[in-house]
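Everything on this sheet refers to the single structure shown next.
These numbers come from the heavy atoms of this one structure, side chains and all, not from hydrogens, waters or symmetry mates. Chain identifiers are assigned alphabetically (A, B, ...) following the order of the sequence lines, protein sequences preceding nucleic acid strands; residue numbering begins at 1 within each chain.
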2 protein chains.
Amino acid sequence: MSTTRDEIIRLAEELVLAKGFNWLSYSDISQKLGIKNAAIHYHFPTKEDLGLAIIERDRTMIAELMASWEQQHTDAIDIISELFGVYSSILQGCQVCLIGSLGTDMLTLPDAMQAELKKLVNLILIWLKKQLEKGRANGTAVFEGSSTTHAMVLLTNMVAGIQIARLHNNTKEFHTLTTHALNSLRPKDATSFPSSSTSKSIRTKKL
Amino acid sequence: MSTTRDEIIRLAEELVLAKGFNWLSYSDISQKLGIKNAAIHYHFPTKEDLGLAIIERDRTMIAELMASWEQQHTDAIDIISELFGVYSSILQGCQVCLIGSLGTDMLTLPDAMQAELKKLVNLILIWLKKQLEKGRANGTAVFEGSSTTHAMVLLTNMVAGIQIARLHNNTKEFHTLTTHALNSLRPKDATSFPSSSTSKSIRTKKL
DNA sequence: TCTATTTTACTTTTTAGTAAGTAAGTTATT
DNA sequence: AATAACTTACTTACTAAAAAGTAAAATAGA
(Lines give C-alpha, C1' and ligand atoms only; values in the text may rest on other atoms or scores of the structure.)
Protein backbone atom coordinates (compact mmCIF):
# COMPACT_ATOMS: atom_id res chain seq x y z
CA MET A 1 0.00 0.00 0.00
CA SER A 2 1.57 3.24 1.15
CA THR A 3 5.04 3.36 -0.30
CA THR A 4 5.68 6.62 1.53
CA ARG A 5 5.41 4.86 4.84
CA ASP A 6 7.96 2.27 3.80
CA GLU A 7 10.27 4.88 2.37
CA ILE A 8 10.15 6.78 5.66
CA ILE A 9 11.10 3.70 7.66
CA ARG A 10 13.82 2.76 5.22
CA LEU A 11 15.43 6.18 5.22
CA ALA A 12 14.98 6.64 8.94
CA GLU A 13 16.80 3.40 9.60
CA GLU A 14 19.57 4.46 7.27
CA LEU A 15 19.98 7.67 9.24
CA VAL A 16 19.82 5.92 12.59
CA LEU A 17 22.55 3.50 11.59
CA ALA A 18 24.68 6.33 10.31
CA LYS A 19 24.19 8.92 13.04
CA GLY A 20 22.07 7.61 15.89
CA PHE A 21 18.45 7.89 16.90
CA ASN A 22 18.76 11.12 18.85
CA TRP A 23 20.34 12.86 15.93
CA LEU A 24 17.60 11.76 13.56
CA SER A 25 15.05 14.49 12.89
CA TYR A 26 11.78 14.67 11.03
CA SER A 27 13.22 17.43 8.87
CA ASP A 28 16.08 15.20 7.80
CA ILE A 29 13.67 12.63 6.53
CA SER A 30 11.14 14.94 4.97
CA GLN A 31 13.73 16.94 3.07
CA LYS A 32 15.41 13.90 1.59
CA LEU A 33 12.06 12.38 0.70
CA GLY A 34 10.66 15.59 -0.75
CA ILE A 35 7.66 15.56 1.55
CA LYS A 36 6.57 17.70 4.46
CA ASN A 37 7.32 17.18 8.09
CA ALA A 38 3.70 16.62 8.96
CA ALA A 39 3.41 13.80 6.44
CA ILE A 40 5.73 11.78 8.63
CA HIS A 41 3.64 12.57 11.65
CA TYR A 42 0.63 11.23 9.79
CA HIS A 43 2.26 7.81 9.46
CA PHE A 44 4.18 7.98 12.74
CA PRO A 45 2.54 10.33 15.22
CA THR A 46 5.53 10.27 17.54
CA LYS A 47 9.19 9.59 17.14
CA GLU A 48 8.71 6.54 19.32
CA ASP A 49 6.31 5.09 16.75
CA LEU A 50 8.92 5.59 14.07
CA GLY A 51 11.61 4.07 16.24
CA LEU A 52 9.50 1.01 16.90
CA ALA A 53 8.82 0.56 13.20
CA ILE A 54 12.54 0.68 12.47
CA ILE A 55 13.40 -2.01 14.98
CA GLU A 56 10.51 -4.20 13.91
CA ARG A 57 11.47 -3.93 10.27
CA ASP A 58 15.02 -4.85 11.12
CA ARG A 59 13.92 -7.83 13.15
CA THR A 60 11.63 -9.09 10.43
CA MET A 61 14.27 -8.80 7.75
CA ILE A 62 16.95 -10.50 9.83
CA ALA A 63 14.59 -13.32 10.78
CA GLU A 64 13.76 -13.94 7.14
CA LEU A 65 17.40 -14.00 6.15
CA MET A 66 18.26 -16.34 8.98
CA ALA A 67 15.56 -18.77 7.96
CA SER A 68 16.80 -18.82 4.36
CA TRP A 69 20.42 -19.31 5.42
CA GLU A 70 19.44 -22.30 7.46
CA GLN A 71 17.95 -23.85 4.36
CA GLN A 72 21.00 -23.11 2.23
CA HIS A 73 23.75 -24.34 4.52
CA THR A 74 24.57 -27.17 6.87
CA ASP A 75 28.04 -26.03 7.85
CA ALA A 76 27.81 -23.82 10.94
CA ILE A 77 30.65 -21.64 9.76
CA ASP A 78 28.98 -21.00 6.43
CA ILE A 79 25.77 -19.99 8.15
CA ILE A 80 27.42 -17.64 10.63
CA SER A 81 29.50 -16.25 7.83
CA GLU A 82 26.30 -15.07 6.16
CA LEU A 83 25.47 -12.94 9.18
CA PHE A 84 28.96 -11.50 9.19
CA GLY A 85 28.36 -10.64 5.55
CA VAL A 86 25.34 -8.57 6.45
CA TYR A 87 27.37 -6.65 8.98
CA SER A 88 30.11 -6.21 6.47
CA SER A 89 27.79 -4.58 3.97
CA ILE A 90 26.44 -2.26 6.67
CA LEU A 91 30.01 -1.19 7.29
CA GLN A 92 30.51 -0.58 3.57
CA GLY A 93 27.76 2.03 3.84
CA CYS A 94 29.66 3.67 6.68
CA GLN A 95 26.99 2.62 9.13
CA VAL A 96 26.96 0.62 12.34
CA CYS A 97 24.38 -1.96 13.32
CA LEU A 98 21.07 -1.15 14.96
CA ILE A 99 22.05 -2.88 18.18
CA GLY A 100 25.15 -0.78 18.62
CA SER A 101 23.44 2.38 17.53
CA LEU A 102 20.44 2.10 19.82
CA GLY A 103 22.39 0.32 22.55
CA THR A 104 24.44 3.43 23.19
CA ASP A 105 21.36 5.64 23.49
CA MET A 106 19.40 3.04 25.40
CA LEU A 107 18.70 5.11 28.49
CA THR A 108 17.18 7.87 26.38
CA LEU A 109 14.79 5.53 24.57
CA PRO A 110 11.13 4.99 25.48
CA ASP A 111 10.42 1.71 27.27
CA ALA A 112 8.72 0.15 24.27
CA MET A 113 11.78 0.76 22.13
CA GLN A 114 14.05 -0.72 24.76
CA ALA A 115 11.87 -3.81 24.81
CA GLU A 116 11.93 -4.14 21.03
CA LEU A 117 15.68 -3.73 21.01
CA LYS A 118 16.04 -6.50 23.57
CA LYS A 119 13.94 -8.73 21.34
CA LEU A 120 16.27 -8.03 18.42
CA VAL A 121 19.35 -8.82 20.48
CA ASN A 122 17.82 -12.02 21.75
CA LEU A 123 16.75 -13.09 18.29
CA ILE A 124 20.35 -12.91 17.14
CA LEU A 125 21.85 -14.39 20.29
CA ILE A 126 19.50 -17.34 20.31
CA TRP A 127 20.00 -17.93 16.61
CA LEU A 128 23.79 -17.86 17.00
CA LYS A 129 23.57 -20.20 19.95
CA LYS A 130 21.46 -22.58 17.89
CA GLN A 131 23.91 -22.56 14.99
CA LEU A 132 26.81 -23.16 17.35
CA GLU A 133 25.07 -26.10 18.96
CA LYS A 134 24.10 -27.56 15.61
CA GLY A 135 27.67 -27.11 14.46
CA ARG A 136 29.04 -28.78 17.54
CA ALA A 137 26.59 -31.64 17.03
CA ASN A 138 27.37 -32.17 13.36
CA GLY A 139 31.08 -31.52 13.73
CA THR A 140 31.23 -28.33 11.71
CA ALA A 141 32.06 -26.09 14.67
CA VAL A 142 34.44 -26.45 17.57
CA PHE A 143 34.53 -24.16 20.56
CA GLU A 144 35.16 -24.18 24.28
CA GLY A 145 32.65 -23.19 26.91
CA SER A 146 28.93 -22.72 26.63
CA SER A 147 27.20 -21.94 23.35
CA THR A 148 25.49 -19.02 25.08
CA THR A 149 28.78 -17.41 25.94
CA HIS A 150 30.24 -18.09 22.53
CA ALA A 151 27.20 -16.53 20.90
CA MET A 152 27.93 -13.42 22.94
CA VAL A 153 31.53 -13.48 21.78
CA LEU A 154 30.45 -13.55 18.15
CA LEU A 155 27.86 -10.82 18.65
CA THR A 156 30.28 -8.50 20.43
CA ASN A 157 32.81 -9.06 17.66
CA MET A 158 30.23 -7.86 15.16
CA VAL A 159 28.68 -5.00 17.11
CA ALA A 160 31.88 -3.38 18.30
CA GLY A 161 33.96 -4.57 15.39
CA ILE A 162 31.85 -2.55 13.03
CA GLN A 163 32.08 0.53 15.26
CA ILE A 164 35.83 0.42 15.54
CA ALA A 165 36.40 -0.46 11.91
CA ARG A 166 34.25 2.49 10.87
CA LEU A 167 36.20 4.75 13.19
CA HIS A 168 39.42 3.61 11.55
CA ASN A 169 37.77 3.80 8.16
CA ASN A 170 39.17 0.34 7.62
CA THR A 171 36.79 -2.36 6.47
CA LYS A 172 39.65 -4.79 6.30
CA GLU A 173 39.99 -4.59 10.06
CA PHE A 174 36.46 -5.93 10.38
CA HIS A 175 37.12 -8.62 7.85
CA THR A 176 40.22 -9.78 9.67
CA LEU A 177 38.32 -9.92 12.94
CA THR A 178 35.42 -11.95 11.60
CA THR A 179 37.70 -14.25 9.64
CA HIS A 180 39.61 -14.92 12.82
CA ALA A 181 36.36 -15.63 14.68
CA LEU A 182 35.28 -18.10 12.02
CA ASN A 183 38.68 -19.75 11.83
CA SER A 184 38.74 -20.39 15.55
CA LEU A 185 35.42 -22.19 15.14
CA ARG A 186 36.79 -24.36 12.34
CA PRO A 187 37.56 -27.96 13.22
CA LYS A 188 41.33 -28.22 13.18
CA ASP A 189 42.08 -31.78 12.14
CA ALA A 190 41.37 -33.08 8.68
CA THR A 191 40.32 -36.22 10.57
CA SER A 192 37.29 -34.75 12.25
CA PHE A 193 33.74 -35.86 11.74
CA PRO A 194 32.89 -36.20 8.08
CA SER A 195 30.35 -33.57 7.19
CA SER A 196 28.19 -33.06 4.12
CA SER A 197 30.32 -30.16 3.00
CA THR A 198 34.08 -30.15 2.89
CA SER A 199 35.15 -27.13 4.85
CA LYS A 200 37.58 -24.83 3.23
CA SER A 201 41.10 -24.62 4.53
CA ILE A 202 42.01 -21.85 6.85
CA ARG A 203 42.01 -18.77 4.75
CA THR A 204 44.12 -16.29 6.55
CA LYS A 205 44.20 -13.35 4.24
CA LYS A 206 46.51 -10.91 5.84
CA LEU A 207 47.13 -10.05 9.47
CA MET B 1 42.64 25.53 40.60
CA SER B 2 39.21 25.89 39.10
CA THR B 3 37.16 23.11 40.55
CA THR B 4 34.17 24.15 38.48
CA ARG B 5 35.94 23.31 35.25
CA ASP B 6 36.83 19.85 36.47
CA GLU B 7 33.36 19.26 37.82
CA ILE B 8 31.90 20.15 34.43
CA ILE B 9 34.13 17.68 32.62
CA ARG B 10 33.49 14.98 35.18
CA LEU B 11 29.71 15.34 35.05
CA ALA B 12 29.67 15.77 31.30
CA GLU B 13 31.55 12.54 30.85
CA GLU B 14 29.15 10.80 33.20
CA LEU B 15 26.25 12.00 31.09
CA VAL B 16 27.93 11.06 27.81
CA LEU B 17 28.59 7.54 29.03
CA ALA B 18 25.02 7.22 30.20
CA LYS B 19 23.14 8.84 27.36
CA GLY B 20 25.42 9.82 24.53
CA PHE B 21 27.06 13.03 23.38
CA ASN B 22 24.19 14.31 21.28
CA TRP B 23 21.78 13.98 24.16
CA LEU B 24 24.07 15.89 26.50
CA SER B 25 22.99 19.49 26.97
CA TYR B 26 24.46 22.49 28.71
CA SER B 27 21.28 22.76 30.78
CA ASP B 28 21.71 19.22 32.07
CA ILE B 29 25.12 20.07 33.37
CA SER B 30 24.39 23.53 34.72
CA GLN B 31 21.30 22.42 36.61
CA LYS B 32 23.01 19.51 38.29
CA LEU B 33 26.00 21.66 39.16
CA GLY B 34 23.91 24.60 40.36
CA ILE B 35 25.55 27.01 37.99
CA LYS B 36 24.36 28.88 34.92
CA ASN B 37 24.52 27.77 31.35
CA ALA B 38 26.89 30.55 30.42
CA ALA B 39 29.37 29.47 33.08
CA ILE B 40 29.97 26.34 31.05
CA HIS B 41 30.44 28.40 27.92
CA TYR B 42 33.03 30.40 29.82
CA HIS B 43 35.15 27.30 30.34
CA PHE B 44 34.16 25.55 27.11
CA PRO B 45 33.07 28.04 24.45
CA THR B 46 31.64 25.31 22.22
CA LYS B 47 30.34 21.83 22.76
CA GLU B 48 33.27 20.58 20.76
CA ASP B 49 35.65 22.05 23.35
CA LEU B 50 33.81 20.19 26.05
CA GLY B 51 33.80 17.00 24.06
CA LEU B 52 37.54 17.21 23.51
CA ALA B 53 38.15 17.76 27.20
CA ILE B 54 36.12 14.66 28.01
CA ILE B 55 38.08 12.42 25.68
CA GLU B 56 41.41 13.84 26.77
CA ARG B 57 40.57 13.33 30.42
CA ASP B 58 39.58 9.76 29.71
CA ARG B 59 42.76 9.06 27.81
CA THR B 60 44.93 10.52 30.53
CA MET B 61 43.23 8.52 33.25
CA ILE B 62 43.41 5.26 31.33
CA ALA B 63 47.04 5.80 30.45
CA GLU B 64 47.91 6.36 34.10
CA LEU B 65 46.06 3.24 35.18
CA MET B 66 47.72 1.16 32.51
CA ALA B 67 51.15 2.28 33.57
CA SER B 68 50.48 1.37 37.19
CA TRP B 69 49.07 -2.05 36.27
CA GLU B 70 52.19 -2.85 34.33
CA GLN B 71 54.20 -2.22 37.46
CA GLN B 72 51.95 -4.35 39.64
CA HIS B 73 51.65 -7.47 37.51
CA THR B 74 53.73 -9.73 35.33
CA ASP B 75 50.98 -12.17 34.40
CA ALA B 76 49.30 -10.98 31.20
CA ILE B 77 45.93 -12.26 32.35
CA ASP B 78 46.14 -10.31 35.58
CA ILE B 79 46.97 -7.13 33.71
CA ILE B 80 44.19 -7.47 31.17
CA SER B 81 41.85 -8.40 33.96
CA GLU B 82 42.43 -4.96 35.47
CA LEU B 83 41.13 -3.31 32.33
CA PHE B 84 38.09 -5.57 32.35
CA GLY B 85 37.57 -4.42 35.92
CA VAL B 86 37.37 -0.80 34.85
CA TYR B 87 34.75 -1.68 32.27
CA SER B 88 32.89 -3.70 34.84
CA SER B 89 32.61 -0.75 37.19
CA ILE B 90 31.39 1.47 34.35
CA LEU B 91 28.67 -1.09 33.77
CA GLN B 92 27.77 -1.01 37.46
CA GLY B 93 26.96 2.66 36.99
CA CYS B 94 24.65 1.75 34.12
CA GLN B 95 26.99 3.38 31.66
CA VAL B 96 28.82 2.24 28.56
CA CYS B 97 32.39 3.07 27.64
CA LEU B 98 33.43 6.24 25.87
CA ILE B 99 34.51 4.36 22.75
CA GLY B 100 31.12 2.75 22.30
CA SER B 101 29.26 5.90 23.20
CA LEU B 102 31.12 8.20 20.82
CA GLY B 103 31.70 5.48 18.25
CA THR B 104 28.02 5.29 17.51
CA ASP B 105 27.71 9.04 17.01
CA MET B 106 31.01 9.30 15.18
CA LEU B 107 29.66 10.79 11.96
CA THR B 108 28.02 13.62 13.88
CA LEU B 109 31.19 14.58 15.74
CA PRO B 110 33.57 17.40 14.76
CA ASP B 111 36.79 16.25 13.13
CA ALA B 112 38.91 17.07 16.15
CA MET B 113 36.75 14.84 18.34
CA GLN B 114 36.95 12.01 15.86
CA ALA B 115 40.72 12.31 15.90
CA GLU B 116 40.85 12.27 19.70
CA LEU B 117 38.58 9.26 19.79
CA LYS B 118 40.84 7.41 17.42
CA LYS B 119 43.77 8.17 19.67
CA LEU B 120 41.88 6.69 22.61
CA VAL B 121 41.05 3.53 20.69
CA ASN B 122 44.61 3.14 19.53
CA LEU B 123 45.98 3.68 23.01
CA ILE B 124 43.94 0.73 24.24
CA LEU B 125 44.53 -1.46 21.21
CA ILE B 126 48.26 -0.96 21.27
CA TRP B 127 48.40 -1.52 25.01
CA LEU B 128 46.42 -4.75 24.72
CA LYS B 129 48.63 -5.92 21.88
CA LYS B 130 51.69 -5.22 23.99
CA GLN B 131 50.34 -7.17 26.96
CA LEU B 132 49.44 -10.08 24.71
CA GLU B 133 52.89 -10.17 23.21
CA LYS B 134 54.54 -9.95 26.60
CA GLY B 135 52.29 -12.72 27.81
CA ARG B 136 53.11 -14.90 24.87
CA ALA B 137 56.78 -14.24 25.44
CA ASN B 138 56.77 -14.99 29.17
CA GLY B 139 54.34 -17.88 28.88
CA THR B 140 51.43 -16.27 30.73
CA ALA B 141 49.18 -15.97 27.69
CA VAL B 142 48.35 -18.34 24.86
CA PHE B 143 46.43 -17.39 21.76
CA GLU B 144 46.18 -18.10 18.07
CA GLY B 145 46.73 -15.59 15.33
CA SER B 146 48.23 -12.14 15.51
CA SER B 147 48.36 -10.08 18.67
CA THR B 148 46.78 -7.21 16.75
CA THR B 149 43.73 -9.25 15.91
CA HIS B 150 43.47 -10.68 19.39
CA ALA B 151 43.64 -7.18 20.86
CA MET B 152 40.65 -6.33 18.68
CA VAL B 153 38.82 -9.40 19.94
CA LEU B 154 39.34 -8.32 23.55
CA LEU B 155 38.36 -4.74 22.84
CA THR B 156 35.17 -5.69 21.02
CA ASN B 157 34.28 -8.02 23.89
CA MET B 158 34.51 -5.07 26.24
CA VAL B 159 32.91 -2.37 24.12
CA ALA B 160 29.90 -4.34 22.94
CA GLY B 161 29.76 -6.60 25.97
CA ILE B 162 29.06 -3.62 28.16
CA GLN B 163 26.37 -2.37 25.78
CA ILE B 164 24.54 -5.67 25.60
CA ALA B 165 24.88 -6.43 29.30
CA ARG B 166 23.43 -3.00 30.13
CA LEU B 167 20.57 -3.65 27.75
CA HIS B 168 19.85 -6.91 29.53
CA ASN B 169 20.44 -5.23 32.87
CA ASN B 170 22.67 -8.18 33.60
CA THR B 171 26.17 -7.49 34.83
CA LYS B 172 26.76 -11.20 35.19
CA GLU B 173 26.54 -11.54 31.42
CA PHE B 174 29.50 -9.21 31.07
CA HIS B 175 31.39 -11.02 33.76
CA THR B 176 30.84 -14.38 32.08
CA LEU B 177 32.04 -12.97 28.78
CA THR B 178 35.23 -11.45 30.14
CA THR B 179 35.98 -14.50 32.25
CA HIS B 180 35.65 -16.62 29.15
CA ALA B 181 37.99 -14.30 27.26
CA LEU B 182 40.60 -14.52 30.00
CA ASN B 183 40.24 -18.27 30.34
CA SER B 184 40.89 -18.81 26.68
CA LEU B 185 44.13 -16.90 27.12
CA ARG B 186 45.17 -19.05 30.04
CA PRO B 187 47.94 -21.53 29.33
CA LYS B 188 46.55 -25.04 29.57
CA ASP B 189 48.39 -27.22 32.10
CA ALA B 190 51.50 -28.54 30.35
CA THR B 191 49.88 -31.94 29.78
CA SER B 192 49.21 -31.28 26.10
CA PHE B 193 45.85 -32.01 24.51
CA PRO B 194 42.92 -33.34 26.46
CA SER B 195 40.99 -35.66 24.19
CA SER B 196 37.61 -34.90 25.71
CA SER B 197 35.92 -31.54 25.68
CA THR B 198 34.75 -32.15 29.26
CA SER B 199 38.15 -31.39 30.70
CA LYS B 200 38.27 -29.08 33.68
CA SER B 201 40.17 -25.81 33.77
CA ILE B 202 37.37 -23.62 32.55
CA ARG B 203 36.25 -21.56 35.46
CA THR B 204 33.18 -19.52 34.76
CA LYS B 205 32.28 -18.39 38.26
CA LYS B 206 34.83 -16.03 39.66
CA LEU B 207 37.89 -14.27 38.45
C1' DT C 1 -18.65 11.23 -2.62
C1' DC C 2 -15.93 9.26 0.82
C1' DT C 3 -11.69 8.26 2.72
C1' DA C 4 -6.76 8.15 2.86
C1' DT C 5 -3.01 11.00 2.42
C1' DT C 6 -0.58 15.21 2.46
C1' DT C 7 0.21 20.27 3.02
C1' DT C 8 -0.04 24.80 5.28
C1' DA C 9 0.63 27.14 9.09
C1' DC C 10 1.25 27.03 13.49
C1' DT C 11 2.87 26.13 18.80
C1' DT C 12 5.90 24.96 22.41
C1' DT C 13 10.17 23.58 24.00
C1' DT C 14 14.86 23.10 23.81
C1' DT C 15 19.13 23.74 21.82
C1' DA C 16 23.92 25.94 21.47
C1' DG C 17 25.68 30.15 21.67
C1' DT C 18 26.39 35.46 22.71
C1' DA C 19 26.63 40.17 24.61
C1' DA C 20 27.05 42.87 28.40
C1' DG C 21 27.82 43.44 32.98
C1' DT C 22 29.78 42.56 37.75
C1' DA C 23 32.13 41.23 41.98
C1' DA C 24 36.36 39.67 43.60
C1' DG C 25 40.93 39.07 43.13
C1' DT C 26 45.72 39.97 40.96
C1' DT C 27 49.26 42.76 39.21
C1' DA C 28 51.59 46.97 38.03
C1' DT C 29 52.73 51.84 38.84
C1' DT C 30 53.49 55.60 41.62
C1' DA D 1 51.08 51.85 50.75
C1' DA D 2 47.57 53.40 47.55
C1' DT D 3 45.41 53.17 43.50
C1' DA D 4 44.77 52.23 38.74
C1' DA D 5 44.54 48.57 35.26
C1' DC D 6 43.51 44.27 34.35
C1' DT D 7 41.96 39.20 34.84
C1' DT D 8 39.11 35.45 36.52
C1' DA D 9 34.88 33.46 37.09
C1' DC D 10 30.96 33.95 36.79
C1' DT D 11 25.41 35.92 36.04
C1' DT D 12 21.60 38.03 33.59
C1' DA D 13 19.26 38.31 29.69
C1' DC D 14 19.03 37.51 25.44
C1' DT D 15 19.12 35.27 20.13
C1' DA D 16 18.47 32.26 16.29
C1' DA D 17 17.84 27.83 14.93
C1' DA D 18 15.91 23.46 15.30
C1' DA D 19 13.25 20.08 17.59
C1' DA D 20 8.73 17.35 18.05
C1' DG D 21 4.16 17.80 17.59
C1' DT D 22 -0.85 19.65 16.20
C1' DA D 23 -5.15 21.36 13.87
C1' DA D 24 -7.35 22.24 9.96
C1' DA D 25 -7.56 22.75 5.23
C1' DA D 26 -6.50 20.89 0.66
C1' DT D 27 -5.89 17.17 -2.52
C1' DA D 28 -6.07 12.67 -4.64
C1' DG D 29 -7.83 8.06 -5.50
C1' DA D 30 -11.70 4.62 -5.10
Can you find a pair of side-chain heavy atoms, one from B:Phe84 and one from B:Thr179, that are under 4.5 Å apart?
no
[X] [atom1] to [N] [atom2], straight-line distance once rounded to whole Å:
X	N	atom1	atom2	result
B:Met113	C:dA16	CE	P	13 Å
A:Tyr42	D:dA28	OH	P	16 Å
A:Leu33	C:dT5	CG	P	15 Å
B:Glu7	D:dA9	CD	P	15 Å
A:Ile40	D:dT22	CD1	C1'	15 Å
B:Asp6	D:dA9	CG	C1'	14 Å
A:Ile35	C:dT8	CD1	C1'	15 Å

Of the candidate nucleotides D:dA9, C:dT6, C:dT8, which contains the atom at the shortest distance from the side chain of A:Lys36?
C:dT8
Regarding A:Glu144 and B:Lys188, does a basic nitrogen lie under 4.0 Å from an acidic carboxylate oxygen?
yes
Non-hydrogen atoms of A:Ile77 and A:Pro187 that approach each other most closely
CD1-CD, 4.3 Å
Under 3.5 Å, is there a donor on one side chain and an acceptor on the other for [X] and [Y]?
X	Y	result
A:Thr3	A:Asp6	no
B:Asn22	B:Thr108	yes
A:His168	B:Asn122	yes
B:Ser81	B:Asp78	no

Under 4.0 Å between a side-chain N/O of A:Thr4 and OP1 or OP2 of C:dT5, yes or no?
no
Of all of residues 9-21 of chain A, which get a heavy atom below 4.0 angstrom from DNA chain C, listed by number?
none
Cation-aromatic face contact B:Lys36/B:Tyr42, 6.0 Å, 45 degrees
no
B:Glu116 and B:Lys119: salt bridge (Lys or Arg N to Asp or Glu O under 4.0 Å), yes or no, with the steps?
CA-CA 5 Å; B:Glu116 280 302 305; B:Lys119 281 202 229 167; 3.0 Å; yes
Restricting both atoms to N or O, compile the protein contacts to nucleotides 13-20 of chain D shorter than 3.5 Å, with distance only.
{"residue": "D:dA19", "atom": "OP1", "partner": "A:Ser25", "partner atom": "OG", "Å": "3.1"}
{"residue": "D:dA19", "atom": "OP2", "partner": "A:Ser27", "partner atom": "OG", "Å": "3.3"}
{"residue": "D:dA20", "atom": "OP1", "partner": "A:Leu24", "partner atom": "O", "Å": "3.2"}
{"residue": "D:dA20", "atom": "OP1", "partner": "A:Lys47", "partner atom": "NZ", "Å": "3.4"}
{"residue": "D:dA20", "atom": "OP2", "partner": "A:Tyr26", "partner atom": "N", "Å": "3.0"}

